[in-house]
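A, B, ... follow the sequence lines: proteins, then strands. Residue 1 opens every chain. What you are looking at is a predicted structure, and each value in this text was computed from that prediction instead of being measured.
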Number of protein chains: 2
Amino acid sequence: MAEIKAPKRPGRVTIRDVASDAGVSVAAVSKVLRDAYGVSDSLREKVRVSMDKLSYRPLASARGLRGRTYTLGILFPDMRNPFFADIFDGVTSALARTQYQAMQGVSVHANELVDAMIDRQMDGFILIGPNEESLRLVALAKRVPLVLVGHYEPGAGLLDTVNNDDQLGAKLVVRHLATNGYRRIAMVSLNQEPSTIIRQRELGYRIEMMEQGLGTAIQITRSSQTLRDVQSAIRKILESPDRPDALFCWTDLIAIEAISVATDMGLSIPGDIAIVGYDNTMYCDFAQNRLTSVDQSGELLGLQAARLLIERIEGRTEAEHFVVTPRIVARASSRRS
Amino acid sequence: MAEIKAPKRPGRVTIRDVASDAGVSVAAVSKVLRDAYGVSDSLREKVRVSMDKLSYRPLASARGLRGRTYTLGILFPDMRNPFFADIFDGVTSALARTQYQAMQGVSVHANELVDAMIDRQMDGFILIGPNEESLRLVALAKRVPLVLVGHYEPGAGLLDTVNNDDQLGAKLVVRHLATNGYRRIAMVSLNQEPSTIIRQRELGYRIEMMEQGLGTAIQITRSSQTLRDVQSAIRKILESPDRPDALFCWTDLIAIEAISVATDMGLSIPGDIAIVGYDNTMYCDFAQNRLTSVDQSGELLGLQAARLLIERIEGRTEAEHFVVTPRIVARASSRRS
DNA sequence: CTGAAAGCGCTTACAG
DNA sequence: CTGAAAGCGCTTACAG
């Protein structure tokens, strides 16, 4: 008739085991766990020893029921843009010496996934290049700590943002191309409406084209991100009678596809057409691409995003907006010999 | 003096709210949630209505404390290999109509991350190309449902595996190259010890080289995955006095780097050197690569992995090992004109 | 500084 | 078929 407490999670060491091993209360162990004050050094030491001895690991979801889970959600709009790996590297290194752990999610529309992650008690979120409307993002920030990478939301005091100066980046591209003698510079952009960074790049492109006296050559083509759409959009541009002599693509992956289409059509790069990307990903350096691109330090952006998010979670209430200055990295794809 | 129950999670609708709204017990709502039997249609209906009305979402971590969290961990060894995106697409589509949600993690060594994810109550794991030793993986499978993609573990009855026939894939490559007149076919492999799929590819390469009477030309170079190491390894191969006339790279990303190095050195592809990859990722099709590769249907692998994992979680105990037959996709990088 | 008790939002036996 | 109670592993006030 003994009371039977079947351990559901076989072998899992709980806070109770640690407490009894150390000869202290459960609450004391919890305090040591959270680095809370009000524990003597000797008690802390005893608990630490027991935790090590028993290889104790706190169950995040149990902690989350009252406090934090020390889990951050990092959301990407897709898995194929190589730039995101750079950002992720930054996040990883920022988290390395903390007790926070990153879980990633991938979804074109972050909304549902964020809800699912909130159900799973994430402490906060980094949204990379979110395709959501600003209003939704601001509403979300009311519920949970939020940092946006690649989305302008200057007015909002509820959330932090991390960006490069996209307008400047686009200007640098146009300036570089104009300096190299290109005139009919077209831009390949993205047709996702809420993307504020794309709009900034378009704006920078327009402004600098005017500045360079090339206003009449302004031509923006907006395409989805699917390989099929991108290819047909680019093909259409390159087949037009008044073919541009330079193509500014909003991200490297598109630029690489543009190189492919142009090559397929027998056009020489940069003789017949210059091609420039954005993000300066590893593919730019490959000899088959030699792609001029704008470096926006993805790793730095990721690092700052993680830092800002943790600060938020730990209590900061004023918004911070981190901006890095981009620089152009010229390669053969846009240099007239 | 009224009892104050401060709602910690402001605005969160709980199972209790639903129960009182529907006029039933908390246990009844839980049963509807879990699709458990022993609930009348009318009760179920009442509960459903209340859940919708209140926009109720169960808190996964609270569920996890006793039952499941309906969360799967998908672990990748890195974020830069484009093949993993194909696998992920398959996982995503398999999960679309289920209540399971995938969270991704990225880590060269899955071990620590899996522990962190177990702390976060994931119901099971898909490990993509794990770099862990078999013993550790088997031990892990004793603790939690586990499916391996890209790792052979035939003996183990505790875990499921999903693979393409890597040995056959490598044979197809050698056969294709030999048919196209290449003789000195070298292989660029990976120096990570526990990788069973790489060993299978090496084995297939060796066997088929012998088969083709090219045994004396067998040459395997093992490199790490860092850009730097890969480039210097390939450069060394291509600069050697008895330069191979074909390079079989264990994954597309390496092959693309090989194209870069060869191009840099002024070698023509496929005239001076043929290059073949593995995985048939989207980059193979680009005109600047035109890379021959082995298609192993990443999406199908991901789909099967997700299916097997859910089956495991829901009770299957015998192991299943899914194998897809690879096929070679020939492109210009290995075709002598 | 330390600990007993209540509670987070669910699920799980167990009665009825 | 339905529900009251105990419990999952933690944290949080609150006493002492």
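- When rounded to the nearest whole Å, the span between CG of A:Leu59 and C1' of C:dC8 equals 13 Å.
- Heavy atoms of other residues, nucleotides or ligands lying less than 6.0 angstrom from CD of B:Glu112 number 12 at most.
- Atom P of nucleotide C:dC10 and atom CZ of B:Arg57 are separated by 12 Å, given to the nearest angstrom.
- When rounded to the nearest whole Å, the span between CG of B:Asp17 and P of C:dG9 equals 9 Å.
- Taking only side-chain atoms of B:Ala27, from C-beta outward, the nucleotide of C:dT11, C:dT12, D:dC10 with the closest atom is C:dT12.
- Side-chain contact of A:Thr71 with B:Arg120: a donor-acceptor pair under 3.5 Å is present, judged by distance alone.
- Atom CG in A:Leu43 sits roughly 7 Å away from atom C1' in C:dT2 (whole-Å rounding).
- Every stem involving DNA chain D, taken as at least 3 paired positions in a row under the Watson-Crick or G-U wobble test at 3.5 Å, is listed here: C:1-3 with D:14-16, C:5-12 with D:5-12, C:14-16 with D:1-3.
- Distance A:Lys46 NZ to C:dC1 C1': 12 Å, rounded to the nearest Å.
- With no hydrogens or angles considered, a side-chain donor-acceptor pair links A:Arg34 and A:Ser30 at under 3.5 Å.
- The shortest distance between the side-chain N/O atoms of A:Arg63 and the OP1/OP2 oxygens of C:dC8 is not below 4.0 Å.
- For A:Thr14 and D:dG9, the shortest distance from a side-chain N or O to OP1 or OP2 is not below 4.0 Å.
- By the 30° and 60° cut-offs, the orientation of the rings of A:Phe88 relative to A:Phe76 is perpendicular.
- Counted by atom type alone, B:Ser134 and B:Glu153 present one or more donor-acceptor pairs between their side chains at under 3.5 Å.
- Here CG of B:Asp160 is found 9.0 Å from CZ of B:Arg307. Values are rounded to the nearest 0.5 Å.
- Listed pair B:Arg16 / C:dC8 fails the phosphate criterion, with no side-chain N or O lying under 4.0 Å from OP1 or OP2.
- With D:dG9, D:dG3, D:dC1 as the choices, the nucleotide that has an atom nearest any side-chain atom of B:Ser40 turns out to be D:dC1.
- B:Arg44 comes within 4.0 angstrom of no nucleic acid atom, judged by non-hydrogen atoms across all strands.
- Side chains of B:Leu72 and B:Leu95 form a contact here, defined as non-hydrogen atoms less than 4.5 Å apart.
- One can place CG of A:Asp41 at 9 Å from P of C:dC1, the figure rounded to the nearest angstrom.
- The line from CD1 of A:Ile74 to OG1 of A:Thr92 is 8.0 Å long, rounded to the nearest 0.5 Å.
- The shortest distance between the side-chain N/O atoms of B:Ser61 and the OP1/OP2 oxygens of C:dC10 is not below 4.0 Å.
- Between A:Ala305 and A:Val149, the closest heavy-atom pair is CB-CG2, 3.6 Å.
- Atom P of nucleotide C:dC8 and atom CG of A:Leu65 are separated by 9 Å, given to the nearest angstrom.
- B:Arg68 and B:Tyr100 are linked by a side-chain donor-acceptor pair at a separation below 3.5 angstrom, with hydrogens and angles left out of the test.
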Atom pairs, protein N/O to nucleotides 14-16 of chain C N/O, distance under 3.5 Å:
none

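- Side-chain proximity of B:Tyr56 to the nucleotides D:dC10, C:dC10, C:dG9 is greatest for C:dC10.
- Nearest nucleotide to the side chain of B:Val24, out of C:dG9, D:dC10, D:dG3: D:dG3.
- Considering only side-chain N and O atoms, A:Tyr70 lies nowhere under 4.0 angstrom from the phosphate OP1 or OP2 of D:dC10.
- Residue B:Arg34 contributes atom CZ, which lies 14 Å from atom C1' of D:dC8 at whole-angstrom precision.
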